[in-house]
Amino acid sequence: MINLEPFKALLLDNCGFTFSNGREETLSSSIAKRAAICKASTLSNYYKLLISDSNELAKLIELLAINETYFFREPEQLRLMTNRLIPEIIEAKSLSVGKFDSSVKIKIVSAGCSTGEEPYSIAIALHEKYGVESQNLFSVVGVDIDGAAIESAVKGVYGRYSFRGMDSSIINRYFEPVRDSTGLFQIKDFIKNQIFFQTANLNAENYPALIFSPDIIFYRNVSIYFPDKVQTSIFSRLANILNFGGYLIVSSTETMHHNTGILPLVEIDELFVYKKSILNSNSRIVAISSKPSKQIYKTSLKRATILKQTTSKIESLSASHQIAPKELFDIALEHTHKNRQKEAILILKTLIEKEPNFINAHLLLANILTDSQNFKKAESHCNIALNYNQFCTPAYLMLGIIAHQTGRNDEGLKRLREALYIDANCWVAHFYLAESVNLLGDKKRAISAYHSALDILQNGADSKNKSSIFPLRFNSEQFKALCQYKLNILQKGSVN
Ligand SMILES: C[S@@+](CC[C@H](N)C(=O)[O-])C[C@H]1O[C@@H](n2cnc3c(N)ncnc32)[C@H](O)[C@@H]1O
């Protein structure tokens, strides 16, 4: 009997896979198969090989990934994309710069694209609606952890099984039969050329630049074997890379499970999708499912218990002066880093009541409130911080970011400049300044501001930055890559 525990721990840590009873057999047979191929004399030798050789880990992952997919899965979500989301995104982009800048394509990412049926369906649906122009308007990107699946997606050859339920007229328009084969079809080049594929681990700390700044992410049927913690962290990262005004689409059966407050869930034409902005939306915001799934119920119960314990303990310690304000703040900061915003908010409120001039408490609260799109309250805490210290860079920075996120570009620019006036090394302010002027179509100033942010980051100023009390979800490595990526686009004038 194989001791699967070390293998399970490694796979959970690396790619987020879990193996419950039914899947343990697949795990042990895959390990035995790869160990034999690698001529590992014992399983412990194979484990050593796995931890030292990422190529071998990738091979094992290929055997364990569940690649089930087919063309035009949940077609109503594809229709929603072409008929409602894309027109809204085009309109929002046109409004922000006066006209729609077609040199910057609308990017759609299929995260966990398996053998390519999903991204090809997206490109076909766009071509059906927008015709040949779709090649200039859109870029579609597919990523998956399974290298063999990506190789197969790049080939673009499919059997009948992938076409189940698909209209045969679409097969005729977009595929050609593979010569000397029975029942195999190859995707035509004009669709194939519109799609970029890459192997990527969604559970990794850093994402490839290819998937940065998408307008729509399809993240369907991928998270099923992830434990809650992995689900939350991948969803947060995807939400972070998504453009403002963009949408994150999960499969209909997974929708309520992801309703954890990271992005608001909106209803459009009776379908539910996540949106990274509450502005300019014709859709209805849904607070929480009226019928929570068992899982949501279990999670909320667990969180409520932790919350109850934490707050009652904190309140009594605070009342008896056994806990210093600085300690309270550190606990709140730790909760925030662990994604336990509710707990952090309650502690920060207790702290502010006790010590109203604790500026960092106002700033951290403002940061958490901004994350949950509670912009008005966030702004009021920034203003309180400024009343106590008119040279408080992070407060100006936060106000600038909020104004930027809520489409008040002029005010955003003013606030970010104020932040930079006090602290010229504030790279976050340079970054958001670049984002704002870029949105306004001023490429020259955007390039210069992205360069400033990058230079400061490269000189290691990050560690000294006063704004580091903001638990930004991007680490500085990701910001560097993001600046580089934006500079490449601006300097080339086009985007993949
Ligand atoms: C069931 S398929 C879904 C394909 C497609 N999205 C669909 O809905 O038809 C799930 C895919 O997610 C990929 N996947 C699982 N964990 C991943 C991870 N950590 N990073 C990237 N891809 C992952 C698997 O390799 C698999 O190809």
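Whatever order the structure lists them in is the order used to number ligands and atoms, beginning at 1.
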Inset, instruction - Determine whether the side chain, the backbone, both or neither of Ala149 has a heavy atom under 4.0 Å from any heavy atom of ligand 1. - result: neither
Legend entry - Leu202 N/O under 3.5 Å from ligand 1 N/O: yes
Inset, instruction - Among Asp144, Asp146, Thr115, find the residue that satisfies the side-chain hydrogen bond (donor to acceptor under 3.5 Å, both in side chains) test when tested with Asn67. - result: Asp146
Inset, instruction - Any atoms of ligand 1 less than 4.0 Å from a non-hydrogen atom of Thr69? List them with their elements. - result: 4 (C), 5 (C), 7 (C), 9 (O)
Inset, instruction - Would you mind checking which non-hydrogen protein atom is closest to atom 26 (C) of ligand 1, with the distance to 0.1 Å? - result: Ile66 O, 3.2 Å
Inset, instruction - Evaluate the ring planes of His258 and Phe235, with Trp represented by its six-membered ring, and classify them as parallel (under 30°), tilted (30 to 60°) or perpendicular (over 60°). - result: parallel
Inset, instruction - For Ser181, enumerate each residue passing the side-chain contact (heavy atoms from CB on, under 4.5 Å) test, keeping only those at least two apart in sequence or located in another chain. - result: Val178, Leu184
Inset, instruction - May I ask whether Cys15 places a heavy atom under 4.0 Å from ligand 1? - result: yes
Inset, instruction - Could you check which of Ile224, Thr115, Asp144 puts a non-hydrogen atom nearest to atom 25 (O) of ligand 1? - result: Asp144
Inset, instruction - Could you tell me the separation between the CD atom of Glu118 and the OH atom of Tyr70, rounded to the nearest 0.5 Å? - result: 11.0 Å
Inset, instruction - Give yes or no for whether the N/O distance cutoff of 3.5 Å, strictly under, is met between Asp146 and ligand 1. - result: no
Legend entry - Passing candidate, ring pair (Phe, Tyr, Trp, His ring centres under 6.0 Å) with His127, options Phe138, Tyr120, Tyr174: Tyr174
Inset, instruction - Just need the protein heavy atom nearest to atom 14 (N) of ligand 1, so name the residue and atom and give the distance. - result: Val222 CG1, 3.7 Å
Inset, instruction - Check if Ser223 has a non-hydrogen atom at a distance under 4.0 Å from any atom of ligand 1. - result: no
Legend entry - OH-CD1 distance between Tyr47 and Ile31, expressed to the nearest 0.5 angstrom: 10.5 Å
Inset, instruction - Starting from atom 5 (C) of ligand 1, locate the nearest protein heavy atom and write down its residue, its atom name and how far away it is, to 0.1 Å. - result: Gly112 O, 3.5 Å
Legend entry - atom 8 (O) of ligand 1: the protein heavy-atom neighbour that sits closest, reported with distance to 0.1 Å: Asn221 ND2, 2.7 Å
Inset, instruction - Please verify whether a non-hydrogen atom of Phe17 lies at under 4.0 Å from ligand 1. - result: yes
Legend entry - Nearest-contact summary for atom 17 (C) of ligand 1 - protein heavy atom, Å: Ile145 CG2, 3.7 Å
Legend entry - Carboxylate-amine/guanidinium proximity below 4.0 Å for Arg73 and Glu117: no
Legend entry - Atom pair CD1 (Ile86) and CD1 (Ile90), whose distance is rounded to the nearest 0.5 Å: 6.5 Å
Legend entry - Proximity of Ile234 to ligand 1 by residue part, where a heavy atom lies under 4.0 Å: neither
Inset, instruction - Report yes if some N/O of Cys113 lies less than 3.5 Å from some N/O of ligand 1; otherwise report no. - result: no
Legend entry - Lys/Arg-Asp/Glu bridge criterion (N-O < 4.0 Å) met for Lys8, Glu5: yes
Legend entry - For atom 7 (C) of ligand 1, closest protein heavy-atom neighbour: Arg73 NH1, 3.2 Å
Inset, instruction - May I ask whether Phe226 places a heavy atom under 4.0 Å from ligand 1? - result: yes
Inset, instruction - Please confirm whether Asn201 comes within less than 3.5 Å of ligand 1 when only nitrogen or oxygen atoms on both sides are compared. - result: yes
Legend entry - Phe7-Phe19 aromatic ring centre distance below 6.0 Å: no
